Amino acid sequence: MDDRGAADVCRTPRSADADRQEAGQLLDPWQRHRRPSVLRPCPARARQPGRERRAVRRRRARRRRPGPQRGRRRSGLLGPVRAHRSDRGPPDRHQHPVGAGTRHAVRGPDRNHCLHGLPAHAAGRRRLRSAVPTAPCAARHRGRFRLGGYNPQLLLRSSVAMRLSRFPLSTTKETPADAEVVSHQLLLRAGFIRKLGAGLYTWMPMGLRVLRRIETIVREEMDRAGAAELLMPSIQPAELWQESGRWKLMGAEMLRIKDRHQNDYCYGPTHEEVIVHHAKQDVRSYRQLPFNWYQVQTKFRDERRPRFGLMRAREFLMKDAYSFHMDAADLDREYQNMRVAYAKVFERIGADFRIVQADSGNIGGAKSEEFHILAGSGEDLLAVSTVGSYAANMEAAACPPSGKPRPAASQALEQVSTPGQKTCEQVSKFLSVALTAKVKLLVAKGREGGLVAIALRGDHELNEVKAAKHPLIASPFEMAKIEDVQAAFGCEVGYLGPVKCPVPVIADHAALEIADFVCGANVNDHHLKGVNWGRDCDVAPGYDLRKICEGDASPDGQGEIKFYRGIEGGHIFQLGRKYTEAMSFTVLDEQGKAVTPEMGCYGIGVSRLAAAVIEQRHDKDGMRWPDAIAPFRVLICPIGTDKSERVKAVAEQLYADLLAAGVDALLDDRGLRPGPMFADADLVGIPHRVVIGEKGLAANQYEYKKRGAEKADMIDASVAAVLERLNA
RNA sequence: CGGGGCGUAGCUCAGCUUGGUAGAGCGCUUGCUUCGGGAGCAAGAGGUCGCAGGUUCGAAUCCUGUCGCCCCGACCA
């Protein structure tokens with residue numbers, strides 16, 4: 001990395017910290033995580049004679065090089081650090097020495113604008129009061145610092161590198177071969193992300209802006225909801241996981257690492273253990289409860305099969321929050337609080353979403369809901385009521401008894417020959433009875449060993465998640481081995497039935513509601529007709545064991561069920577005392593008695609949300625970002641800048657004016673022909689586009705087009721007219 | 001974890017069966033023309049064919065191993 005001419009300028013650890021603090025005060029909120037890049041000479045490096053000589057040679061060579069090659073070098077070869085510092089002119093001109101007493105924010109919106117010397121109130125932040133420009137610096141900028149007509153306060157709010165000629169954007173016409181879903185294809189084509197390995201992606205500058213905006217919205221809503229941000233390490237010691245018992249429970253999904261002392265660590269797939277550990281350190285009294293701590297942190301889950309780009313990546317960005325409470329009622333209050341905050345987040349990023357009931361896993365009684373962004377490419381199937389508010393993940397969707405009494409028996413029991421008819425479909429066709437008039441029997445492994453038979457209506461499917469919760473059935477659910485079933489029943493699996501069944505039978509509610517049904521005779525090549533519960537076999541105890549079907553009545557009695565596909569973007573969960581107990585976290589209550597706190601956890605897949613929004617909002621030309629999370633808000637496309645100085649000048653002026661008005665504007669000053677320029681504009685999906693051309697200017701007009709609109713409108717050639725459209 | 005496939009220029013891929021001078025399109029560079037929806041012509045730059053062994057006079061091509069990636073399934077929830 002250091003043979004690229006960076007020997008003369010580099011970051012020292014101290015300056016990086018200090019700079020981050022200082023620059024962070026100057027940038028607008030959603031920019032505050034962007035790395036500041038105030039450069040200073042690095043004494044350690046400069047002292048090395050060989051390095052210094054090489055650097056000097058390179059600097060000289062660079063100066064000798066004619067223009068075009070310099071341009072190429074800046075944009076392509078210098079690597080990300082320099083490439084991102086676009087728009088600030090040649091690097092050497094802005095390398096201010098930074099030391100005690102000098103505070104610089106060299107990042108202006110472009111090389112003609114500098115933040116030096118702005119009044120302290122402009123930033124509204126304490127640190128800026130010490131922002132005194134050094135004399136040489138102030139002098140250097142005096143001649144070119146055009147503040148006329150600018151509102152410095154607004155200037156601060158606008159962003160940094162906004163000329164496409166200096167913004168590393170790399171788009172392709174061709175769709176990458178291994179990208180299956182639209183979001184993955186578009187993110188790659190538009191150069192928002194680049195793949196580094198299986199399930200590993202680099203966020204390129206344009207994409208990172210989107211990610212940061214989503215992050216900011218998440219932070220704002222979490223802060224507003226009263227949660228406090230912290231940041232935990234991504235690497236965690238094994239001891240914590242051994243303490244909670246999950247070191248053994250977690251499968252290969254958890255990436256385990258050894259350090260040089262052969263101590264075990266993992267790259268955190270989640271942070272329950274760490275947060276409880278810290279809570280134990282600092283929280284001892286009921287007076288300190290409740291609280292909610294959150295972080296935005298990179299997680300790693302070693303998925304067996306990472307796919308769909310950001311949707312199921314191995315490394316991803318997640319906001320995870322953990323709350324602690326004295327009792328379940330207070331946990332529930334915070335849970336509802338988070339539920340509201342999450343809804344606001346999803347609304348703000350412009351997602352069409354549903355809150356669905358989720359499976360609470362093996363932690364009985366705990367409440368859990370997922371926030372799903374509806375999309376045909378979603379990995380989860382959702383059962384949603386057509387009328388009421390009921391919505392649940394397929395796994396969790398309840399199938400209660402219909403409440404209708406079982407009809408009386410009207411047929412006599414009869415054994416019929418059904419040679420070779422093993423499946424429900426075959427039998428129902430062979431005997432000409434409806435699939436819904438058949439009962440099928442599945443055999444699962446029992447919790448205490450042995451076998452358990454599960455009776456379902458012929459057209460229904462077993463929900464294994466529900467089955468695993470049944471006291472008689474093994475958890476995790478496992479079907480019985482075919483040989484064991486044949487040994488127990490004395491017939492092939494195609495002819496099983498509840499009559500004279502050799503193993504305990506449990507039944508789904510729906511199977512219990514039919515009379516005169518058909519089922520296997522427990523004899524090869526034979527079925528029974530006219531079977532009735534109670535008369536012909538014991539009435540099996542009824543449970544909810546099946547998967548819900550499209551068209552079923554909604555469990556809340558309002559409307560019927562329709563299926564949607566969704567992308568899980570958020571998940572809120574009442575954990576109860578699972579982790580606090582396992583890790584012996586207690587606080588003293590008012591009576592001085594030790595109490596184990598209740599815990600909740602709440603996650604949002606930040607990087608996944610970016611992909612999910614694209615899945616919902618795109619067309620054949622590219623992405624369509626909502627204003628709230630677009631990488632830029634408005635794109636200025638001047639046409640024919642090589643011929644028309646006027647177009648160029650007008651575009652520059654509009655760009656400057658929009659920045660001054662606090663609008664995140666991007667100027668396409670690459671001088672491309674209109675075709676590629678518009679194609680890129682559509683692909684990147686910036687919500688508003690202003691085209692400036694000689695034709696329009698002749699009539700004193702700009703062309704305005706909202707991304708996705710049918711056609712463009714001509715508007716007055718003024719900032720006011722543009723702003724009006726932006727705010728429409 | 002089981003099955004299948006692919007690693008050749010920055011990207012998408014051909015060439016491999018049947019061993020003998022490494023190719024196309026896109027992109028990139030330069031020039032001229034063109035330029036309101038992914039331009040044309042001309043001239044260029046760019047690859048130790050994933051890596052390591054082996055067979056052979058000779059390997060992108062055949063063999064063995066290895067690494068990486070992709071797809072299907074199972075697993076996980």
Side-chain angles (χ1 to χ4, degrees), chain A residues 65-73 75-77 168-181 184-185 188-191 194-201 246 249-254 269-270 301-309 312 314 356 358-363 366 368 370 379-381 393-396 463-469 475-479 568 571 573 603 605 620-622 637-644 647 668 670-684 689-698 701-703 705 707 711-712 714:
Chain A
R65 247 192 294 275
Q69 287 192 13
R70 286 181 72 169
R72 176 188 170 183
R73 193 162 172 81
S75 62
L77 297 178
L169 178 71
S170 176
T171 59
T172 59
K173 236 188 308 189
E174 289 168 35
T175 301
D178 55 4
E180 284 188 282
V181 294
H184 192 196
Q185 293 170 356
L188 287 170
R189 278 189 57 204
R194 288 288 174 238
K195 178 164 144 174
L196 186 63
L200 303 173
Y201 293 90
R246 287 209 288 180
L249 281 176
M250 294 292 281
E253 189 180 75
M254 186 159 78
T270 177
R301 292 182 190 170
D302 198 355
E303 299 280 350
R304 292 210 179 146
R305 201 141 97 72
R307 49 184 147 181
F308 306 138
R312 185 174 281 234
R314 292 200 293 176
V356 308
D359 172 52
S360 52
N362 297 325
I363 311 160
S368 169
E370 292 167 349
E379 289 192 273
D380 291 291
L381 203 56
N393 193 315
M394 185 67 178
E395 299 157 355
N463 182 329
E464 296 186 6
V465 174
K466 290 178 182 174
K469 289 182 196 164
S475 177
F477 180 86
E478 209 179 332
M479 289 293 280
E568 184 187 342
H571 197 161
F573 210 108
K620 65 174 176 38
D621 297 318
C637 298
I639 287 185
T641 46
D642 55 332
K643 283 197 180 145
S644 169
V647 165
D668 191 345
R670 294 176 297 178
L672 296 184
R673 296 183 6 271
M677 181 159 60
F678 291 150
D680 274 356
D682 289 341
L683 180 59
V684 170
R689 189 184 81 187
V690 177
V691 178
I692 298 172
E694 270 297 341
K695 285 183 196 168
L697 288 183
Q701 286 181 318
Y702 299 152
E703 177 185 304
K705 186 163 180 272
R707 177 71 179 86
K711 59 178 183 57
M714 298 309 292

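First the proteins, then the strands, lettered A, B, ... as listed; each starts at 1. It should be emphasised that the depicted structure is a prediction, and the values quoted were computed from it without experimental measurement. Just so it is clear, the values below take in all heavy atoms, side chains as well, and ignore hydrogens, waters and symmetry mates.
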Is there side-chain contact between A/Arg301 and A/Thr270, with at least one heavy-atom pair below 4.5 Å? yes

The reported gap from CG in A/Leu672 to CZ in A/Phe678 (rounded to nearest 0.5 angstrom) is 11.0 Å

Expressed as a whole number of Å, how far does the P atom of B/C32 sit from that of B/U12? 33 Å

What's the spacing between A/Thr175 OG1 and A/Glu180 CD if we round to 0.5 Å? 13.0 Å

Using whole Å, what does the distance between atom P of nucleotide B/C35 and atom CZ of A/Phe678 come to? 15 Å

Nearest-Å distance once atom P is located in both B/A39 and B/C51: 36 Å

Round to the nearest Å and state the distance from A/Phe308 atom CZ to B/C71 atom C1'. 11 Å

For B/A60, which nucleotide is its Watson-Crick or G-U wobble mate, given both distances must be under 3.5 Å? none

What's the gap between B/A60 and B/C16 when it is taken at their P atoms, as a whole Å value? 14 Å

Whole Å only: how far is the NZ atom of A/Lys466 from the P atom of B/A77? 18 Å

Specify the separation, in whole Å, of atom CD of A/Glu694 and atom C1' of B/C35. 14 Å

In whole Å, what is the span from the CE atom of A/Met479 to the P atom of B/C75? 11 Å

Determine the contact category for A/Arg189: base if any of its heavy atoms lies under 4.0 Å from a base atom, sugar-phosphate if only primed atoms, P, OP1 or OP2 are that close, otherwise nothing. base

Quote, to the nearest angstrom, the C1' distance that separates B/G5 from B/G10. 24 Å

Rounded at 0.5 Å granularity, tell me how far CZ in A/Arg189 sits from OG1 in A/Thr172. 6.0 Å

Counting side-chain heavy atoms from C-beta on, which of B/G38, B/C35, B/C72 comes nearest to A/Leu683? B/G38

Check whether any side-chain N or O of A/Arg305 sits under 4.0 Å from OP1 or OP2 of B/C72, and answer yes or no. yes

In Watson-Crick or G-U wobble terms, with both distances under 3.5 Å, the base opposite B/C69 is B/G5

If we take the C1' atom in both B/G7 and B/U66, what is their distance in whole Å? 13 Å

How long is the line joining CG of A/Leu169 and P of B/G38, in whole Å? 19 Å

Shortest non-hydrogen separation from A/Glu568 to A/Asp380 and the atoms involved: CB-OD2, 4.0 Å

Of A/Glu370 and A/Glu174, the one whose nearest nucleotide on RNA chain B sits closer to the 5' end is A/Glu174

Write down the distance separating the C1' atoms in B/C57 and B/G15, rounded off to the nearest Å. 23 Å

Rounded to whole angstrom, note down the P distance from B/G40 over to B/C35. 14 Å

Take atom CG of A/Leu196 and atom C1' of B/C70, then tell me their distance rounded to the nearest Å. 16 Å

Describe the nucleic acid contact of A/Arg312 in one word from base, sugar-phosphate, nothing, applying a heavy-atom distance below 4.0 Å. nothing

Nearest-nucleotide check on RNA chain B, A/Lys195 vs A/Ala679; residue mapping nearer the 5' end is A/Ala679

Base, sugar-phosphate, or nothing for A/Glu253, non-hydrogen atoms under 4.0 angstrom? nothing

Output for pair (A/His571 NE2, A/Asn393 CG), nearest 0.5 Å, gives 8.5 Å

What interatomic distance, in whole Å, is found between P of B/C6 and the corresponding atom of B/C62? 11 Å

Using whole Å, what does the distance between atom C1' of nucleotide B/G37 and atom CE of A/Met677 come to? 10 Å

Re B/G25: Watson-Crick or G-U wobble partner, both distances kept under 3.5 Å, found to be B/C11

Is there a Watson-Crick or G-U wobble partner for B/C41 with both distances under 3.5 Å, and if so, which one is it? B/G31

My understanding is that only residues two or more places apart in sequence, or in another chain, count here; which of them pass salt bridge (Lys or Arg N to Asp or Glu O under 4.0 Å) with A/Glu379? A/Arg312

Hey, does A/Glu395 reach any base, or is it just sugar-phosphate, or nothing, if we go heavy atoms under 4.0 Å? base

Which side-chain N or O atoms in residues 689-698 of chain A pair as donor and acceptor under 3.5 Å with protein atoms at least two apart or in another chain?
from     : atom 1 : to       : atom 2 : distance (Å)
A/Glu694 : OE2    : A/Ser644 : OG     : 2.6

Working to the nearest 0.5 angstrom, can you tell me the gap between A/Thr641 OG1 and A/Asp668 CG? 9.0 Å

Complementary nucleotide for B/G19 - Watson-Crick or wobble, under 3.5 Å: none

Under 3.5 Å between N/O atoms: give me all the protein pairs with nucleotides 39-41 of chain B, atom names plus distance.
from  : atom 1 : to       : atom 2 : distance (Å)
B/A39 : OP1    : A/Arg673 : NH1    : 3.1
B/A39 : OP1    : A/Arg673 : NH2    : 3.1
B/A39 : OP2    : A/Arg673 : NH2    : 2.3
B/A39 : O4'    : A/Arg673 : NH2    : 3.1
B/A39 : N7     : A/Arg673 : NH1    : 3.2

Among B/C35, B/C71, B/C75, which nucleotide has an atom closest to any side-chain atom of A/Arg304? B/C75

